[in-house]
2 protein chains.
Amino acid sequence: MSGIPVRVVLADDERMVRTALRVILDAEEGIEVVGEAATGAEAVSVVRELRPDVVLMDVRMPEIDGIRATEQILATLADPPRIVVVTTFENDAYVYEALRAGAAGFLLKRAAAEELVQAVRLVACGDSLLYPAAVRTLAAEHAARRPAPAPPWAARLTGREADVLRLMAAGLTNAEIAGRLSVGPATAKTHVAAVLAKTGARDRTQAVIAAYTSGFISPA
Amino acid sequence: MSGIPVRVVLADDERMVRTALRVILDAEEGIEVVGEAATGAEAVSVVRELRPDVVLMDVRMPEIDGIRATEQILATLADPPRIVVVTTFENDAYVYEALRAGAAGFLLKRAAAEELVQAVRLVACGDSLLYPAAVRTLAAEHAARRPAPAPPWAARLTGREADVLRLMAAGLTNAEIAGRLSVGPATAKTHVAAVLAKTGARDRTQAVIAAYTSGFISPA
DNA sequence: ATCCGCCTCCGCCGCACGGGGGAGACGGAT
DNA sequence: ATCCGTCTCCCCCGTGCGGCGGAGGCGGAT
């Protein structure tokens, strides 16, 4: 490292913010702020011209917001810079939008100067991402979805009943379920009735809903 | 910062890895490796005794793996250290498990020394998380789930029909839907029929399935 | 040998459901 | 003034569905 400095472009509609960031970053060894932009459109052209290593991109900007600017930069440039999206609010929607747009990192404006510097260094040298507490939410959300809220009745279902519930959740009628399982229609009905009783569902629709909401089957 | 050094504990079953990490980290200003552990159980007791700021935890270890060790540390200690999980493989399952266990960060063993150092500094100074490319997957997964696979019929549903579909997906019968919307049963039936036609569903169950799988309503 | 859980089937019955029509009222679009 | 989409409601009809009870076979547990 530190052979050639990390070249950074700042994109923010407020001059003061840009100045503050520039002061912080220019004071650092191996980091050089090479350009600024006040709008999303300007950011795109500046980046296209200067080809920086890292872009600090504000989300809220006139003309084109940071998200779209990020999309455009990543879509139109070969070997694009790593883009760190900067925002004031820890708004989930922005985080996800930024990630979807292809941002390499995400940073809050209230982040400490150290965090800012490390963020720039980090995204510059690796394919790593930097994150504020928002990731906790993302991760927790994902984690919460994984082990499922534990369906209490799932364990009580017999193997055959589980099969039937899966087929019910696929939208099959009793007759179709019977055909698929190579059993008589009466048998299918019996299993369905058992599933309804064990899931506490009033009808097959509620049973299917329970199957989805409990994670017994995934929407995918 | 740099007032008091960041105190780090290394947990990895291979001595060579521990040594390598120690060499890298000890060379850094403001970072001090204060302890090592070769097993998950050992990691728990060492951390309990030394109270470090950061723990670099290998996932694959004898007796207790890194994930469980992380869980135990976070569950039993007040003011626990920030734990960075280190692994060789970019295995998604490990990432999610680690996050679920409460790890503050995630790092690949093939990460550059710089990344390692910055990871330690980062988790030590803020509530920030550090990430390798695996986050891309996580984020992409989340992003992919957000805008939904675009339900083509959703736009074709009228406001009332959308209401009805939501109530259908809640497990209500036609009569109940009518009551909830303060309309006659016949009207509810009409709307239901329209929903079935537009979603291409054969019966209400299939319509509800479509609502779930298309993201029209969320399992949560 | 006995019990119990699971799977397999059988009837009967009531009803909500879904298909196929038609119809009136309101509002916005042109 | 006319059309069209939406919401509202009505009829009939067939049937799949769900509730009820009963039955036989088969395997494991004790």
Side-chain angles (χ1 to χ4, degrees), chain A residues 148 150-217 219, chain B residues 148 150-217 219:
Chain A
W153 41 261
R156 310 189 59 117
L157 290 181
T158 69
R160 213 52 165 171
E161 286 159 359
D163 294 339
V164 170
L165 177 52
R166 269 184 282 271
L167 294 176
M168 283 196 283
L172 304 195
T173 65
N174 289 339
E176 288 168 342
I177 292 173
R180 192 72 73 83
L181 296 181
S182 300
V183 297
T187 305
K189 281 192 66 174
T190 303
H191 290 316
V192 168
V195 169
L196 295 184
K198 290 186 180 177
T199 57
R202 179 174 46 186
D203 48 48
R204 70 199 300 102
T205 303
Q206 287 191 351
V208 171
I209 292 170
Y212 272 95
T213 55
S214 72
F216 180 80
I217 53 121
Chain B
W153 42 260
R156 312 187 57 124
L157 290 181
T158 68
R160 214 51 169 169
E161 286 160 359
D163 294 338
V164 170
L165 177 51
R166 269 183 281 271
L167 293 177
M168 284 198 283
L172 304 195
T173 66
N174 288 342
E176 288 168 341
I177 292 173
R180 192 72 74 84
L181 296 181
S182 300
V183 297
T187 305
K189 281 191 66 173
T190 303
H191 290 317
V192 168
V195 169
L196 295 184
K198 290 184 180 178
T199 57
R202 178 175 49 185
D203 47 48
R204 70 200 299 101
T205 302
Q206 286 191 352
V208 170
I209 293 170
Y212 272 97
T213 55
S214 72
F216 179 81
I217 53 122

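In what follows, every chain begins at residue 1, and chains take the letters A, B, ... in the order their sequences are listed.
Rounded to an integer number of Å, the gap from NE2 of B/H191 to C1' of D/dG5 is 13 Å. Between the CZ atom of A/R160 and the P atom of C/dC7 there is a distance of 8 Å, rounded to whole Å. The distance from atom CG of B/L167 to atom P of C/dA16 is 18 Å, rounded to the nearest whole Å.
Of the charged side-chain nitrogens involved, none lies within less than 4.0 Å of a carboxylate oxygen, so that A/R166 and A/E161 do not count as a salt-bridged pair.
B/L172 and B/I177 make their closest contact through CB-CG1, 3.8 Å (heavy atoms, listed as atom of the first residue, atom of the second, distance). Residues B/R202 and B/L196 come closest through the heavy atom pair O-CD1, 4.3 Å. The minimum heavy-atom distance linking A/A169 with A/Y212 is given by the pair O-OH, 3.6 Å. Closest approach of B/A207 and B/M168 over heavy atoms only: CB-CE, 4.5 Å.
Proximity of a side-chain donor or acceptor of A/T213 to a complementary backbone N or O of A/I209 within less than 3.5 Å is detected. B/S182 contributes no side-chain N or O that, together with a main-chain N or O of B/A178, makes up a donor-acceptor pair within less than 3.5 Å. B/T199 places a side-chain N or O within 3.5 Å of a backbone atom of B/V195 that can act as its donor or acceptor partner.
Summary of helix geometry: the two end axes of the helix from C/dA1-D/dT30 to C/dT30-D/dA1, each defined by five base pairs via their C1' atoms, are inclined to each other by 50° (rounded to 10°).
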*For each nucleotide in nucleotides 9-30 of chain D, reading 5' to 3', give B when a protein heavy atom comes within less than 4.0 Å of its base, S when such contact involves only the sugar-phosphate, and - otherwise.*
BB------SBB-----------
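Proximity of B/T158 to the phosphate of D/dG5: no side-chain N or O atom is located under 4.0 Å from OP1 or OP2.
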